[in-house]
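Notes for the one structure printed next.
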2 protein chains.
Amino acid sequence: MNLLFKALAHPVRRRIIDMLRAGPLASGDIAAEFDMAWPTVTGHLTALKEAGLVDAERAGASIRYRLNISAVEEALAFLMDLVRTGDPAAKPQET
Amino acid sequence: MNLLFKALAHPVRRRIIDMLRAGPLASGDIAAEFDMAWPTVTGHLTALKEAGLVDAERAGASIRYRLNISAVEEALAFLMDLVRTGDPAAKPQET
DNA sequence: AGACTAATTAGGAATAAACCTAATTGCAAG
DNA sequence: CTTGCAATTAGGTTTATTCCTAATTAGTCT
């Protein structure tokens, strides 16, 4: 949970997630989109992987990163719970 | 957006949010729940305030913190968008 | 005013994060 | 087997975060 929100707390990592919505991408393709050194991007990919937000698999010479939706859903569930019980207009008990 | 996820990326701050779901609390009441110095908690409250997750207002001698649901909803919307267009089973276009 | 309580601000130390360059590993051809 | 491309790991610097204690501000009460 903590690694998850930490991973989301960086613009570069959020943009990587955004890129991966269209489908898996190679590390190099991702790195090419940013104005920073490739190893820096590798670091961000590692953070995303450790948070469970992406999976990596080797495909020949390159490595393909794929978005893992279920990790996003986990964060989503946390926030939904927060909104539900925190909003006075949405308590099922006191109808 | 960035401050928002950054604020959520710390267990103490998430627990403060959780505490505030039941209703507003004074700074001291919040600080009393943690095993750390009060000024440290003040720092976390400031981070939450800057993220828009809480509002603070003075109430006599004390200061009351209140959860701001709409900021949570903002994060929620971001993640929802991610799940929607990232999930192959949920593309309305290709039915 | 003076004393007491609530909370923040100031300043500083320890730890973690983000970034870089250089060196290394893993695969694929030739 | 060696050359070349893809990507990561290593090592180090800069900046940000987290936490502490001490000092300060703000409000209450007698």
Side-chain angles (χ1 to χ4, degrees), chain A residues 1-20 22-68 71 75 78, chain B residues 1-20 22-68 71 75 78:
Chain A
M1 197 76 199
N2 208 38
L3 287 178
L4 189 51
F5 278 112
K6 246 186 192 162
L8 289 167
H10 194 287
V12 167
R13 291 191 293 257
R14 285 198 302 277
R15 186 160 155 226
I16 291 174
I17 292 174
D18 189 59
M19 289 171 65
L20 291 175
L25 286 172
S27 181
D29 293 337
I30 297 167
E33 286 291 313
F34 295 96
D35 229 18
M36 51 180 61
W38 192 343
T40 302
V41 175
T42 294
H44 286 304
L45 287 170
T46 300
L48 288 167
K49 198 165 55 184
E50 283 172 351
L53 281 162
V54 305
D55 298 317
E57 75 174 331
R58 184 169 277 281
S62 66
I63 293 177
R64 300 187 78 71
Y65 284 85
R66 170 192 322 276
L67 182 58
N68 186 350
F78 177 86
Chain B
M1 197 77 202
N2 207 39
L3 288 179
L4 189 51
F5 279 112
K6 245 184 193 165
L8 289 166
H10 194 288
V12 166
R13 291 191 294 259
R14 285 197 303 276
R15 185 159 156 226
I16 291 174
I17 292 173
D18 189 60
M19 288 171 66
L20 291 175
L25 287 174
S27 180
D29 294 337
I30 296 168
E33 286 292 312
F34 295 96
D35 229 18
M36 50 180 62
W38 191 343
T40 301
V41 175
T42 294
H44 286 304
L45 287 169
T46 300
L48 288 168
K49 199 166 54 185
E50 283 172 352
L53 280 162
V54 306
D55 298 318
E57 74 175 332
R58 183 169 279 279
S62 65
I63 294 178
R64 300 188 79 71
Y65 283 85
R66 171 192 321 277
L67 182 57
N68 186 349
F78 176 87

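Keep in mind it's a predicted model, so treat the numbers as computed, not measured. For the numbers below, each heavy atom of this structure counts, side chains included, while hydrogens, waters and symmetry mates do not.
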Taking only the side-chain nitrogens and oxygens of [X], find out if one of them lies under 4.0 Å from OP1 or OP2 of [N].
{"X": "B/Lys6", "N": "D/dA16", "result": "no"}
{"X": "B/His10", "N": "D/dC19", "result": "yes"}
{"X": "A/His44", "N": "C/dA17", "result": "no"}
{"X": "A/Thr40", "N": "C/dA18", "result": "no"}
{"X": "A/Arg13", "N": "C/dA18", "result": "yes"}

Side chain to side chain donor-acceptor pair (under 3.5 Å) partners of [X], counting only residues at least two apart:
{"X": "B/Thr42", "result": "none"}
{"X": "B/Arg13", "result": "B/His44"}
{"X": "B/Arg14", "result": "A/Asn2"}

Dump the pairs, protein N or O against N or O of nucleotides 26-30 of chain C, anything under 3.5 Å, distances to one decimal.
none

Look at all strands and tell whether B/Ala47 reaches a base, only sugar-phosphate, or nothing, counting heavy atoms closer than 4.0 Å. nothing
Reckon B/Ala26 touches a base, only the sugar-phosphate, or nothing at all at heavy-atom distances under 4.0 Å?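 B/Ala26: backbone/sugar contact only, no base atoms under 4.0 Å.
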Taking side chain to side chain contact (heavy atoms under 4.5 Å, CB included) as the definition, give me every residue that meets it alongside B/Ala32, ordered by chain and number, with sequence neighbours left out.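 Result, side chain to side chain contact (heavy atoms under 4.5 Å, CB included) vs B/Ala32: none returned.
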Check the distance between [N]'s [atom2] and [X]'s [atom1] and give it to me in whole angstrom.
{"X": "A/Arg14", "N": "C/dA18", "atom1": "CZ", "atom2": "P", "value": "12 Å"}
{"X": "B/Asn2", "N": "D/dT17", "atom1": "CG", "atom2": "P", "value": "10 Å"}
{"X": "A/Ile30", "N": "D/dA7", "atom1": "CD1", "atom2": "P", "value": "9 Å"}
{"X": "A/Leu3", "N": "C/dA16", "atom1": "CG", "atom2": "C1'", "value": "13 Å"}
{"X": "A/Phe5", "N": "C/dA17", "atom1": "CZ", "atom2": "C1'", "value": "19 Å"}
{"X": "B/Asp29", "N": "C/dT5", "atom1": "CG", "atom2": "P", "value": "16 Å"}
{"X": "A/Glu57", "N": "D/dA6", "atom1": "CD", "atom2": "C1'", "value": "16 Å"}
{"X": "B/Phe34", "N": "D/dC20", "atom1": "CZ", "atom2": "C1'", "value": "17 Å"}

Of all residues at least two apart in sequence or in a different chain, which pass the salt bridge (Lys or Arg N to Asp or Glu O under 4.0 Å) check with B/Glu33?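 By the salt bridge (Lys or Arg N to Asp or Glu O under 4.0 Å) rule, B/Glu33 matches B/Arg15.
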Not counting sequence neighbours, which residues clear salt bridge (Lys or Arg N to Asp or Glu O under 4.0 Å) with B/Asp18? List them please. B/Arg21
If I take atom CH2 from residue A/Trp38 and atom CD1 from residue A/Ile30, how far apart are they, to the nearest 0.5 angstrom? 10.0 Å
In a check of side chain to side chain contact (heavy atoms under 4.5 Å, CB included) between B/Leu25 and each of B/Val54, B/Ile63, B/Leu20, B/Ile16, which one passes? B/Leu20
Test: salt bridge (Lys or Arg N to Asp or Glu O under 4.0 Å). Region: residues 35-62 of chain A. Which pairs qualify, not counting sequence neighbours? A/Glu57-A/Arg66
I need the minimum non-hydrogen distance between B/Leu53 and B/Ala7, along with the two atoms involved. CD1-CB, 3.8 Å
Taking N or O atoms only and anything under 3.5 Å, show me the protein contacts with nucleotides 8-10 of chain D, one pair per line.
residue : atom : partner : partner atom : Å
D/dT8   : OP1  : A/Tyr65 : OH           : 2.4
D/dT8   : OP2  : A/Ser27 : OG           : 2.9
D/dT8   : OP2  : A/Thr42 : OG1          : 2.7

